[in-house]
Structure formats: C-alpha cells, structure tokens
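Below is one structure, written out as structure tokens; comments come after it.
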Amino acid sequence: MAIMSRCIPLVPSKEMTVDEFKAWIARFDLDHDGSISREELQRALQSLHTWFAWWKARKGIKQVDTNRNRRIDTTSEEMDKLVAYAQEHLHMKIYEDGW
C-alpha cells in the first residue's frame with residue numbers, strides 16, 4: 001500500500017485553490033519568518049516566468065501590505081489581498097475549495 005500525498009509543484013499551473021496558492025507562496029519564504037518580502041515575492045513571480053517580476057512584486061507589496069511593514073504576513077488578511085492581487089493582475093485562476 002503506497003502512501004500518496006498531494007504535492008504542490010514549484011511552478012504551478014495558472015489554476016489552483018486558495019490553499020494550494022498559499023502553500024505554493026509559502027515555499028518562497030526563505031527565512032521562515034511567516035511573511036513574504038518583496039524579494040521573496042519577486043522570486044515567486046520569476047518562477048512563473050512573469051515579465052517585470054521586480055515591478056509586479058513591488059506593486060503587489062504596496063497594494064496588499066496594510067500594516068506598512070513592507071512584508072506580506074501569511075497569517076493575516078494580507079494573504080487574502082495577495083490572492084485577489086494574483087487573480088486581478090497576474091491573471092491566475094484561484095478558487096475556493098469545494099468548487
């Protein structure tokens with residue numbers, strides 16, 4: 001009997017659930033502090049082969065960082081705003097579980 005786990009690919013397709021998106025973006029938290037910096041977001045965008053990843057990462061941080069610490073807190077409403085940013089500006093299809 002084999003144990004099969006659901007792996008989140010490092011380079012996801014443009015369609016995923018919210019939980020898959022959060023798991024994928026958490027892979028880029030290189031310092032494991034529970035938040036995503038501009039540089040970490042830029043690396044995530046570069047993994048998608050996004051043009052002007054540095055600019056889109058800067059814009060994304062500015063748009064979703066509500067407490068102005070220049071980081072996206074993965075356990076707060078900022079992550080929900082990042083999901084909305086990815087849907088609107090990166091044209092990713094992110095849907096709720098159970099769809």
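When reading the values below, keep in mind they use all heavy atoms of this one structure, side chains included, and skip hydrogens, waters and symmetry mates.
Here the CD1-CG distance, from Ile36 to Asp73, works out to 10.0 Å after rounding to the nearest 0.5 Å. Note that CZ of Arg68 is 10.5 Å distant from CD1 of Ile61, once rounded to the nearest 0.5 Å. Distance check: Leu90 CG to Tyr85 OH gives 5.5 Å after rounding to the nearest 0.5 Å.
Note on Trp24: it does not cluster hydrophobically with Leu30, by side-chain heavy-atom contacts below 4.5 Å among ILVMFWY residues. In the hydrophobic clustering of ILVMFWY residues, with side-chain heavy atoms under 4.5 Å counting as a link, Val18 and Leu82 come out together. Hydrophobic clustering of Ile, Leu, Val, Met, Phe, Trp and Tyr side chains at less than 4.5 Å, counting indirect connections, keeps Leu45 apart from Phe52. Note: the hydrophobic cluster containing Trp51 does not contain Leu48 (ILVMFWY, side chain heavy atoms under 4.5 Å, direct or indirect links).
The two atoms that bring Val83 and Phe21 nearest to each other are CG2-CD2, 3.6 Å, heavy atoms only. The minimum heavy-atom distance linking Glu88 with His91 is given by the pair O-CE1, 3.7 Å.
Residues Thr50 and Gln42 fail the side-chain proximity criterion, which asks for heavy atoms closer than 4.5 Å. Lys93 places none of its side-chain heavy atoms less than 4.5 Å from the side chain of Met16.
Ion pairing between a basic and an acidic side chain is recognised when a charged N comes within 4.0 Å of a carboxylate O; Arg71 and Asp31 show such pairing.
Using a distance-only test at 3.5 Å, with no hydrogens or angles considered, a donor-acceptor pair links the side chain of Ser37 to the main chain of Glu40. With Thr17 contributing its side chain and Glu96 its backbone, the two residues share no donor-acceptor pair below 3.5 Å. Looking only at distances, a side-chain donor or acceptor of Asp65 sits under 3.5 Å from a matching main-chain atom of Arg70. With Arg27 contributing its side chain and Ala44 its backbone, the two residues share no donor-acceptor pair below 3.5 Å. Remark: the backbone N or O of Ile94 is paired with a side-chain donor or acceptor of Gln87 at under 3.5 angstrom.
In this structure, a donor-acceptor pair under 3.5 Å is present between the side chains of Ser35 and Asp33.
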Derivation of the side chain to side chain contact (heavy atoms under 4.5 Å, CB included) call for Asn67 and Glu78:
CA-CA 9 Å; Asn67 61 3; Glu78 292 177 350; 3.0 Å; yes
Ile72 and Leu41: side chain to side chain contact (heavy atoms under 4.5 Å, CB included), yes or no, with the steps?
CA-CA 9 Å; Ile72 299 170; Leu41 183 57; 4.1 Å; yes
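Results of the side-chain contact (heavy atoms from CB on, under 4.5 Å) test with Val64 over Glu77, Met79, Lys81 single out Lys81 as the only residue that passes.
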